[in-house]
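Right, I'll just put the structure down here and ask away after.
Because only heavy atoms are used, hydrogens play no part in the values below, and waters and symmetry mates are left out as well, while side chains stay in.
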Amino acid sequence: MTAMDSARKQDGAASPEAEGADILLVEDNPSYVELTLRALRELAKDRVRIDIAEDGERALTMLLAPGSARKPRLIILDIKLPKVGGIEVLRQLRADERMRYVPVVMLTSSRVPNDITESYRLGANSFVVRPMNFPAYLRVLGDIINYWLNTNEQHPDVADR
């Protein structure tokens with residue numbers, strides 16, 4: 001069992017095979033996955049279902065495989081990922097009609113201007129630099145979730161899933 005599997009089971013996150021998760025977290029760092037799951041426990045209790053993809057290739061397989069019915073309400077995407085990087089994941093998501101309107105928040109430690117520019121050019125809805133302390137991370141993640149899952153009016157293609 002990997003650290004990701006362990007975190008997924010302990011925190012009640014949806015299994016990667018479950019359909020209909022509210023959030024797809026694409027993150028390869030087990031510490032950030034655990035931090036995010038911990039924050040979600042505090043923020044949303046059991047109201048938010050989350051799938052986890054440990055790399056960009058897995059995210060693309062989960063979302064774009066023929067016959068896949070997955071359409072999360074929000075994708076939280078890191079830039080620095082193994083196998084397929086976050087920028088390429090974003091490019092492929094926006095090129096696919098099924099994923100074109102699903103909100104994508106780039107949540108990363110990168111402050112590289114080209115990463116920011118390219119993310120927005122490819123259709124990211126938001127670019128957030130990950131805070132390095134838990135209280136700030138909790139606040140930022142709470143803002144992201146509240147806005148994208150509660151305040152924002154979803155595109156009909158996402159809302160009618």
Side-chain angles (χ1 to χ4, degrees), residues 4-5 7-29 32-79 81 84-108 116 118-131 136-161:
M4 300 284 185
D5 292 333
R8 195 177 288 122
K9 289 186 184 308
Q10 292 171 355
D11 291 288
S15 73
E17 288 72 32
E19 292 191 23
D22 294 309
I23 298 171
L24 174 62
L25 173 65
V26 187
E27 174 61 64
D28 65 311
N29 184 319
Y32 288 136
V33 170
E34 177 58 33
L35 192 63
T36 302
L37 293 173
R38 185 174 151 207
L40 286 171
R41 264 198 318 266
E42 290 189 29
L43 293 166
K45 307 300 181 230
D46 293 327
R47 295 180 315 230
V48 175
R49 293 165 298 152
I50 185 167
D51 273 350
I52 301 164
E54 298 88 357
D55 58 61
E57 181 179 82
R58 177 76 178 134
L60 291 171
T61 299
M62 291 169 73
L63 296 168
L64 302 181
S68 175
R70 275 198 173 90
K71 191 182 286 188
R73 293 177 56 208
L74 174 65
I75 298 169
I76 299 175
L77 179 60
D78 191 12
I79 286 182
L81 295 167
V84 178
I87 297 290
E88 182 57 27
V89 170
L90 179 61
R91 181 185 331 275
Q92 290 188 41
L93 290 177
R94 292 306 187 229
D96 188 283
E97 190 65 35
R98 297 169 294 169
M99 293 295 133
R100 185 163 293 153
Y101 300 111
V102 175
V104 176
V105 173
M106 307 303 283
L107 182 62
T108 182
I116 299 168
E118 192 66 0
S119 292
Y120 281 121
R121 187 184 75 72
L122 292 171
N125 297 92
S126 185
F127 191 100
V128 179
V129 176
R130 181 185 293 119
Y137 187 75
L138 186 66
R139 188 186 77 253
V140 166
L141 193 60
D143 291 346
I144 291 168
I145 291 167
N146 186 52
Y147 179 76
W148 290 107
L149 298 185
N150 298 324
T151 304
N152 182 60
E153 194 66 36
Q154 295 277 344
H155 186 282
D157 284 352
V158 176
D160 293 340
R161 55 184 196 102

*asked:* Has Arg98 got a side-chain atom pairing as donor or acceptor with Leu64's backbone, closer than 3.5 angstrom?
replied: yes

*Enter the distance from Glu118:CD to Glu88:CD here, rounded to the nearest 0.5 Å.*
10.0 Å

*Give me the ring orientation class for Phe127 and Tyr120: parallel if the planes are under 30° apart, tilted from 30 to 60°, perpendicular past 60°.*
tilted

_Would the distance check show the side chain of Arg130 and the main-chain N or O of Leu107 forming a donor-acceptor pair, the cut-off being under 3.5 Å?_
yes

*Counting N and O atoms only, with roles assigned by atom type, does the side chain of Asp78 sit under 3.5 Å from a partner on the main chain of Thr108, one being a donor and the other an acceptor?*
no

*Residue pair Leu90 / Met106: nearest heavy atoms and the distance that separates them*: CD2-SD, 4.2 Å

_Considering all heavy atoms, the nearest Ile79-Ser119 contact_ = CD1-OG, 4.0 Å

*Can you name the residues that form a side-chain hydrogen bond (donor to acceptor under 3.5 Å, both in side chains) with Tyr137, not counting sequence neighbours?*
Thr36

*Euclidean distance, Leu77 CG relative to Asn125 CG, rounded to 0.5 Å*: 11.5 Å

*Let me know which of Val89, Ile87, Val104 forms a side-chain contact (heavy atoms from CB on, under 4.5 Å) with Leu122.*
Ile87

*Measure the CZ-CG distance between Arg58 and Leu63 for me, rounded to the nearest 0.5 Å.*
9.5 Å

*Ignoring hydrogens and geometry, is there a side-chain-to-backbone donor-acceptor pair from Arg100 to Leu93 under 3.5 Å?*
no

*Can any side-chain N or O of Ser126 pair as donor or acceptor with the backbone N or O of Val105 at less than 3.5 Å?*
no

_Distance-minimising heavy-atom pair for Pro72 and Val102_ = O-CG1, 3.3 Å

*Output the distance between atom CD1 (Ile50) and atom CD1 (Ile76), rounded to the nearest 0.5 Å.*
6.0 Å

*Which atom pair, heavy atoms only, marks the closest approach of Gln154 to Val158?*
OE1-CG1, 3.0 Å

*Roughly how far, to the nearest 0.5 Å, is the CG atom of Leu37 from the CG atom of Leu25?*
7.0 Å

Name the atoms and distances for all side-chain donor-acceptor pairs under 3.5 Å in residues 142-150, with sequence neighbours left out.
from: Asn146; atom 1: OD1; to: Asn150; atom 2: ND2; distance (Å): 3.1

_Nearest-0.5 Å distance, CD of residue Glu57 to CD of residue Gln92_ = 10.0 Å

